[in-house]
Protein chains: 2
Amino acid sequence: MPPTVRRIPRPTAQRLSLYLREIQPLIAQGQPTISSRELGEKLGVSSAQVRKDLAWVVQSRQTGESGRSGVGYNCFKMNDSIRHVIGANRRWPTVLVGVGNIGRALLAYGGFAQDGFSIAAIFDANPRMEGKRVGGLAIQPTSALRKVIRTNRISIGILAVPRSAAQVVATQLCDAGIRGILNFAPMRIAVTEGVSVTNVDVSVALEQLSMDISIRDQLRLSAEGAA
Amino acid sequence: MPPTVRRIPRPTAQRLSLYLREIQPLIAQGQPTISSRELGEKLGVSSAQVRKDLAWVVQSRQTGESGRSGVGYNCFKMNDSIRHVIGANRRWPTVLVGVGNIGRALLAYGGFAQDGFSIAAIFDANPRMEGKRVGGLAIQPTSALRKVIRTNRISIGILAVPRSAAQVVATQLCDAGIRGILNFAPMRIAVTEGVSVTNVDVSVALEQLSMDISIRDQLRLSAEGAA
DNA sequence: GAATGTGAAAATATTCACAGCG
DNA sequence: CGCTGTGAATATTTTCACATTC
């Protein structure tokens, strides 16, 4: 029996993305190393946490090297290792469905190209959009989804359509054999077993924020009451 | 010494937003109640989890009523209670800074109005945008931020500017006395002590998704290997 | 019977704290 | 020294399981 493959803890996975982002400027400006304390302070995370997370990365790669005592972590190596674990050193061609404001914002941004993500084809359900070129790509009808996804072995679909169309398109994506969906529609979508979904939801984010603010208010009040 | 105010567990806070979203259609179509099991299944959460979360809501409101044994939870009451805890029954006027694609998408969406969030004023650093009307609001220069935020007692700022402008605007918002920032710029922003930040980051979301897919792949492979 | 509400148990995640390296 | 790597201790979160209510 092989040693059970330890799955990456959810919170660690999330933080790895943040570490990655944080060291990009350091690499750009040639800073050779960073300590767990420094990196942690930037992100409001304990140094022990950072070390545990990075230790996990090393273990999962089964290479025995990582940070150096008394010095810190090599930014370049860290970058490499994290990308390896995250899968950001693979190519991840995606399809974008829905060329409205959000879709255009994504096409215009392109900042995730360095993580291997690219938009390979764009689609819109509105027939009047068909053929129009946006960001160098011609808009295709959703009927072409299946073929494009199959022939290009695309594993990620970006769903940027209005709520009303979201489930229909999600089902089309699943049927076409997509592996994961990044969902911008403000609703839960049902997907085929085995398809991953990540939601980007502004309402949820706003609610999270307002909760934080409310909690701060309460703490402030009770602190004043105690003083 | 008063009973220590128990803070809401982070994961619970996140799920409450999801419950809220999930019961909106039920309320709209007049379904009177829902069981913890049903609600949990919709979201991939255990029924015990749902009950614990909702029990927390009740406790924090200090009203003794919630679900009914053998029946389930009253959708209408649940809606009310969760909104109360989240703060979604307050008014949350916001300012939007940055009227690019993301800003326009937010202005066009407006689906968070029912949670009390509204965009009260819009700003852009580009002077050529000044005065242009989008979504019924005239674009103001960022120099007006301070005054608008103060006079309208606005607590949330939505930061939808390019990365290069993000820190400058974030600082302006903080100086103007903002309480929380919803940050769409793909970077960590530094803020004044006491200001909450929630990030909406597409790269992080994509990386999360690709990790999920990779993990699924590994599991599949090892399962096939074992079979 | 069908469901809630909740202590107690289990699983996860974080922090502590320190041996050991460079 | 300063800093990593990591077991052990803590804290948090989830699940179990069951008495209780409708």
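This structure is a prediction, so every number in the text was calculated from the model and none was measured.
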From CZ of A:R7 across to P of C:dA11 the rounded distance in Å is 16 Å

So, are A:R90 and A:D115 salt-bridged, with charged N and O less than 4.0 Å apart? no

Under the salt bridge (charged side-chain N to carboxylate O under 4.0 Å, His left out) test, which residues partner B:D217, sequence neighbours left out? A:R179

For B:Q49 and D:dC16, give me the distance from atom CD to atom C1', rounded to whole Å. 13 Å

What about B:K52, does its side chain sit under 3.5 Å from the base of C:dT6 through a donor-acceptor pair? no

Heavy atoms from other residues, nucleotides or ligands near CZ of B:R68 exceed 12 (cutoff 6.0 Å): no

CG of A:D53 versus P of D:dT6: gap in Å, rounded? 14 Å

May I ask you to verify if any side-chain N or O of A:S36 is less than 4.0 angstrom from the OP1 or OP2 atom of D:dT4? yes

Please confirm whether the shortest side-chain N or O distance from A:S69 to OP1 or OP2 of C:dG20 is below 4.0 Å. no

Whole-Å gap separating P (C:dG5) and CE (B:M78): 10 Å

As a test of reading the structure: which of D:dT14, C:dA3, D:dC3 is closest to the side chain of A:S35, going by heavy atoms? D:dC3

Round to a whole Å and report the spacing from CZ of A:R37 to P of D:dC3. 5 Å

Which whole-number value in Å describes the distance from B:Y73 OH to D:dT21 P? 16 Å

Counting only heavy atoms not in B:R10, do more than 12 fall under 6.0 Å of its CZ? no

Output yes when a side-chain donor or acceptor of B:S17 lies under 3.5 Å from a complementary backbone atom of A:E207, and no otherwise. no

Is the phosphate of D:dA11, meaning OP1 or OP2, less than 4.0 Å from a side-chain N or O of B:R10? no

Among C:dA13, D:dG5, D:dC22, the one nearest A:P9 by side-chain distance: C:dA13

Closest listed nucleotide, where the reference is the side chain of A:P11 and the choices are D:dA17, C:dA13, D:dG5: C:dA13

What is the distance from CZ of B:R51 to P of D:dT20, rounded to the nearest Å? 16 Å

By the 4.0 Å heavy-atom rule, please label A:G70 as base, sugar-phosphate, or nothing. base

Rounded to whole angstroms, how far apart are CD1 on B:I8 and P on D:dT13? 11 Å

Distance check: side-chain N/O of B:S46 vs OP1/OP2 of D:dT14, anything under 4.0 Å? no

